[in-house]
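Before any comments, here is the structure.
Letters A, B, ... mirror the listed sequences (proteins, then strands); counts begin at 1.
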Amino acid sequence: MKSVFLLCLVVVLAACQREERDFTKRKESEPPDTVSVSPLHPGNPPITTLEESKYEQSAYDVAEGKRLYQWFNCTGCHFNGGGGIGPALMDDKWIYGSSIENIVKTIKEGRPNGMPSFGGLIPEKETWQLAAYVRALGGFVAKDVAPSRNDDLSASPAENRLPSPKPYNGKAP
Amino acid sequence: MRHKLFWLLVPISALFLFLNSLGAFAQQNASVHGESGEWPMPARDFASTRFSPLNEINSDNVDKLKVAFTFSLGVNRGQESSPIVIEDTLYVVTPYPNILYALDLKKPGAPLKWKYEPKTEAAAQGVACCDTVNRGPVYGDGRIYYNTLDGHTIAVDAQTGRELWNVRLGDINIGETMTMAPLFVNGRVLVGNSGGEFGVRGWIQALEAGSGKVLWKAWSTGPDKDVLIGPDFHPYYDMDKGKDLGVTSWPPDAWKQGGGNVWGWISYDPELNLIFHGTGNPGPWNADARPGDNKWTAGIFARDANTGEARWFYQWSPHDVYDHDGINEQILLDRDWHGKPRKLLIRPERNGYLYVMDRLTGEVLSATPFAPVNSSTGVDLKTGRLQMNPDKQPETGKVVRDICPAAPGAKDWNPSAYSPQTGYLYIPHNNVCMDLEGVEANYIAGTPFVGANVAMKAGPGDGHRGEYSAWDIDSGKATWTINERFPVWSGTVATAGNLVFYGNMEGWFKALDARTGKLLWQFKTGSGVIGQPTTYRGPDGHQYVAILSGVGGWSGAIAVLGLDGRDRTAGLGFVGAMQDLPSATTTGGMLYVFRLP
């Protein structure tokens, strides 16, 4: 009985951790200039030390990203990760880089073959939350942070069950 | 059936009878374009029969058919277009970036005569719902006309390839594209827009063939004056009567993002001087956002070819809830119906019914399912209304399973053919059902306006997703049907040689006996076939058959765009039914032309 109670407590507390929100004024930074969509760097390659963003460590931000992904109609072109007009985001192929900074840039700037530029429409913080969710679709986000089962059609695997991808285009997952 | 007897006679008299039975259209067509061996528009004639009187290649010798020449289009996307032939030149247009090639049929191997390359915007690819396809060019008055994905209509000199005019009619920033094949009628070029998945308001326009100047424009939603509805508008059924229904059958202002795009086929009756064209699905797919009949979407208009004024309208799917666009081909036949000669319009429709209509009035004479249907129970011929099945009614936040036919319908854009020899309509079609969940749709201009999670699956049977049927118009049923593993997404052609041709998504291009459906010949092309076959007489006097090979389109999205099959909702839900396609074919872009040795 006791152990069941303890187990419950652990589960409940863990859930709190998942839902943890950050109420401090966080500084949203522009992606550093050194973020590029090409792995080729003539001359001296720039030294980039990209840290894992806070956003992809927070289940709350990733969940918000998932909501925004619907709201801003990313679903209409990328569906639940398998792609359509836009490429699949749940596979391990990344045309323009898989780092969160790259993804933030993709969302803001758009891409030439039909990715609209959402800069100006989506505020900075929401852009990072969206990018964190795209990382979750890509399998880059820890399983206890990524969203689990959907309550809907469930015709695609839950984000936290996606296999981790192989490193691609530079940054390791 | 009355034709059957005659086919025991010699071919010459057969041809004569064929012309008779086809009536004014074939004759008009032959005289307009001079040569019965030409193929001047994707449907070949204004009546959209896709029937060729050529019979050098026939059911006795087709097994000897060989490749005469090939030509690589240099674009490996879905090839839905049809090669057309005028005099000694074959014209073919690619998917985005919409390059137009002219091949010289006089020279061995049909080398390139010229190529025309428009500056199609790359960003247009982002607002093309279902691969970056193009459905063909059309010839008229010495020019080739076609549409580009970024919403331009272009006229090119058929001899030299020089651009004569280029007008922008669509705006990709609101998700508007152009994919349909124009129709050329008496010095006018008829064109329409795509964008039903982006909340783009549909229209059809007539352009002056010499200049590209807009002569008239008719919207598919909005006030009567926008739709070109005036005193001459007489719909057959009460449900289509009333003032400004294009506004009042919608929630306030919803018609402005209401779709009804004219992205499919237009037919023309020279005697009545009427054009007939369908309208696409209402937007968004989630119908909870738009209570009402949503006029004039998912229906068909008859319009005066000179002025565009609407004469009648009939709505296949009032308040469509399944993305059942009403834009398929309509075949115009003068033929007996229940013992009386009538001017008929035949439409194999996305909602699963084959409609036989009176094209003078818009009356539905019969509507019979040609594929498995459970979304509706029939068409009430008194009211004209499709009877919906409440068990399959989608709702926001609810998953409705096993709806047949699925969103692409029992049959999508890919056109059928009619043979006056057999009296059959040859229908390439789908056997696909779906699960659908309505979700909230948020209109952001230039992004999809859909509001649905869809996952498709094979329809009833052994998992086959495509069918090819010979439909007997008199008896109202299929005489024979051939099952295909994947949706039959190619068009088809029927010939006086007792043959029909079509292709499948695995890449086989096939010739069947038009009467029995027996497979007589097949050739494995490099990629899945979703194009429209055509047949013509070359400058050497011999008959040729042409087809484009290159998988893609909506059904082929998984193979052409490299989508991830684990997400069954991908590609507007078609991926759910096509997870095995990438193991059957890869992308391509090749013209194949065949002849007898």
Residue part contacting chain A, namely of B:A128, when any heavy atom lies under 4.5 Å
backbone
Can you tell which part of B:L563 gets under 4.5 Å to a heavy atom of chain A, answering side chain, backbone, both or neither?
both
Of the listed residues (B:G573, B:C129, B:G397), which shares the most heavy-atom pairs with chain A below a 4.5 Å separation?
B:C129
I need the contact set between residues 440-452 of chain B and chain A: heavy-atom distance under 4.5 Å, sorted by residue number.
B:E440, B:N442, B:I444, B:T447, B:P448
For B:C433, enumerate each residue passing the disulfide bond (SG atoms under 2.5 Å apart) test, keeping only those at least two apart in sequence or located in another chain.
B:C404
Considering only heavy atoms, which portion of A:L89 lies under 4.5 Å from any heavy atom of chain B: side chain, backbone, both, or neither?
neither
Could you look at A:P157 and say if it's the side chain, the backbone, both or neither that has a heavy atom under 4.5 Å from chain B?
both
Side chains of [X] and [Y]: is there a donor and an acceptor less than 3.5 Å apart?
X      : Y      : value
B:R135 : B:T179 : yes
B:D325 : B:W263 : yes
B:S375 : B:N389 : no

Applying salt bridge (charged side-chain N to carboxylate O under 4.0 Å, His left out), can you list everything that pairs with B:R290, at least two apart in sequence or on another chain?
none
Could you state the interatomic distance from CZ (B:F574) to CG (B:D131), rounded to the nearest 0.5 Å?
12.5 Å
Sequence neighbours excluded, every pair satisfying salt bridge (Lys or Arg N to Asp or Glu O under 4.0 Å) that has a member inside residues 570-585 of chain B
B:R465-B:D580, B:R485-B:D580
Answer yes when A:E159 and A:K66 have at least one side-chain N-carboxylate O distance shorter than 4.0 Å, and no when they do not.
yes
